[in-house]
Amino acid sequence: MRIAILGGSFDPIHKAHLQIAKCARKQFADEVWFMPTAQTPLKNRSLSENHHRAAMIRLAIAPYRHMRLSTLELERGGASYTIDTVQELIRRYPQHTFYWLIGSDQEAQLAQWKDIETLARLVSICVYPRGDQTNIAKHDFPVQQMTMKPMPISSTMARSNELSILPYSVRRYIGEHGLYMDEIVSHTMSEKRFSHSKRVAELCVELAAVHGLDTRQAYLAGILHDVCKEWPYEKSRIWMRHMEPQWLNSAPAIWHGFIASRYVKRYYQINDREITYAIRWHVLGSDATKLAMILFAADKLERGRGYDSSREIELCKHNLRLGYQEVKRQQQAYIEQEHKKEIAVHE
């Protein structure tokens, strides 16, 4: 059997990966095996946990009979050199003929690969077009060029909030497990707003741990609570008109909580009701759940606000409901004071 190996970090797997596999299958391969690496020798970046990347690959390739997951490099761990992997594949599966798939951007680096001459004798190296790389590099060994229309997408784009390039099953997995959320959220808002969100998330975790709550839930609620805060007014109004018409005539400053509770469910596939409820009421406050009280308090008390909130934080740790009530009382007093100032300006 002719087996094409598509290696990479798959952090996460996206639609272009599937397209590469489909083209290899049509042109020369009986099966395509996806082989996530534990660590890439030519890159300096920490990868997501192995079991998450493997699970996303399984979900993405599930509809395709001729695609498989190989965990050979994950099992080995550490930096995986292609020559070592290929030799192990041949040892395990002597009955198969192997093809190694690489992008045209990687082709220029082939000379740096360990024992590249030996590798080229053991497998057929097949190059698929990627990005703007169109020049065919010259080598002292045969390289096969695949026919494929380039897809200008990458895992980096997915982690930068371009989630539409992912199979739906992968998007849902990312939402269920809260993967890449810091990186994704940082691309939806200003640096200042993201720094605030990080501090809120960290305080949410601190309070959740004291009260025996799920710290992962707490972190996600905190990091996502302001994801729609900086939307343009007209975009926010459209969402409110369609999703929350009963609140349309309220102050626009409170809209982002209602919008975000729906947006994170629809776009990020965050279906945890505890999280979406806390996000929904983080501006106005709700004591219906402990997580909602924690997020409301953390949003007002995070340590970068410019005032000493240590007393209120300790109160929330000692008695969450009393702490929440105190923060809400202070917030209401502040709103009334600001409202009086606004009236005085216009008199």
Side-chain angles (χ1 to χ4, degrees), residues 11-12 45-49 52 155-163 174-211 213-231 236 253-265 267-270 272 274-285 289-317 320 323-324 327 330-331:
D11 199 17
R45 176 183 170 271
S46 296
L47 301 177
S48 299
E49 293 178 88
H52 284 314
S155 297
T156 301
M157 291 172 60
R159 298 192 306 270
S160 301
N161 201 38
E162 296 290 339
L163 300 183
I174 288 171
E176 287 174 354
H177 296 272
L179 302 181
Y180 315 117
M181 283 302 155
D182 275 18
E183 197 167 351
I184 289 171
V185 171
S186 70
H187 286 83
T188 70
M189 58 184 64
S190 65
E191 184 177 347
K192 181 179 180 181
R193 179 60 50 188
F194 179 66
S195 296
H196 161 73
S197 297
K198 280 284 289 183
R199 292 191 298 268
V200 171
E202 289 163 0
L203 183 52
C204 281
V205 168
E206 192 177 329
L207 295 175
V210 169
H211 294 287
L213 303 182
D214 187 331
T215 54
R216 175 185 158 278
Q217 279 185 322
Y219 189 87
L220 286 176
I223 201 68
L224 290 166
H225 79 287
D226 270 356
V227 75
C228 301
K229 175 81 170 181
E230 295 177 333
W231 278 17
S236 298
I254 74 169
W255 287 357
H256 67 281
F258 297 114
I259 297 170
S261 68
R262 293 178 176 268
Y263 182 76
V264 300
K265 182 176 182 179
Y267 190 66
Y268 296 143
Q269 300 298 312
I270 304 291
D272 187 317
E274 287 274 321
I275 294 173
T276 56
Y277 182 86
I279 291 173
R280 178 179 177 82
W281 293 105
H282 83 268
V283 182
L284 296 179
T289 70
K290 289 183 177 180
L291 184 58
M293 289 191 284
I294 283 175
L295 180 56
F296 176 81
D299 183 36
K300 313 303 183 293
L301 302 179
E302 59 93 349
R303 295 178 176 92
R305 283 287 195 179
Y307 53 83
D308 184 5
S309 58
S310 57
R311 185 185 71 84
E312 289 81 3
I313 291 174
E314 289 305 312
L315 179 57
C316 287
K317 289 181 179 181
L320 180 57
Y324 161 80
V327 174
Q330 292 180 8
Q331 179 71 3

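What's counted below: heavy atoms across the whole structure, side chains too, no hydrogens, waters or symmetry copies.
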Contacts of S186 that satisfy side chain to side chain contact (heavy atoms under 4.5 Å, CB included) - sequence neighbours left out: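 F194.
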
All side chain to side chain contact (heavy atoms under 4.5 Å, CB included) counterparts of R199, not counting sequence neighbours: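 S195, H196, E302.
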
Listed partners of [X] passing ring-ring contact (aromatic ring centres under 6.0 Å, His included), at least two apart:
{"X": "F258", "answer": "W247, W281"}
{"X": "W231", "answer": "W239, Y263"}
{"X": "H256", "answer": "H282"}

Side-chain touch T276/R262, heavy atoms, less than 4.5 angstrom: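 Side chain of T276 against side chain of R262, heavy atoms only: no contact under 4.5 Å found.
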
List in chain and number order the residues that pass salt bridge (charged side-chain N to carboxylate O under 4.0 Å, His left out) with [X], two or more places apart in sequence or in another chain; answer none if no residue qualifies.
{"X": "K198", "answer": "D182"}
{"X": "E274", "answer": "none"}
{"X": "E206", "answer": "R303, K317"}
{"X": "R216", "answer": "none"}

Taking every non-hydrogen atom, the tightest pair across D299 and R305: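 Minimum heavy-atom contact is O-NH2, 2.6 Å.
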
Excluding sequence neighbours, so at least two apart, what forms side-chain hydrogen bond (donor to acceptor under 3.5 Å, both in side chains) with [X]?
{"X": "S190", "value": "E230"}
{"X": "Q217", "value": "D272"}
{"X": "T156", "value": "R159"}

Hey, is the main chain of [Y] close enough, under 3.5 Å, to the side chain of [X] for a donor-acceptor pair?
{"X": "D11", "Y": "S48", "value": "yes"}
{"X": "S261", "Y": "R280", "value": "no"}
{"X": "Y277", "Y": "L291", "value": "no"}
{"X": "T289", "Y": "A292", "value": "yes"}

Whether over 12 other heavy atoms sit under 6.0 Å from K290 NZ: no

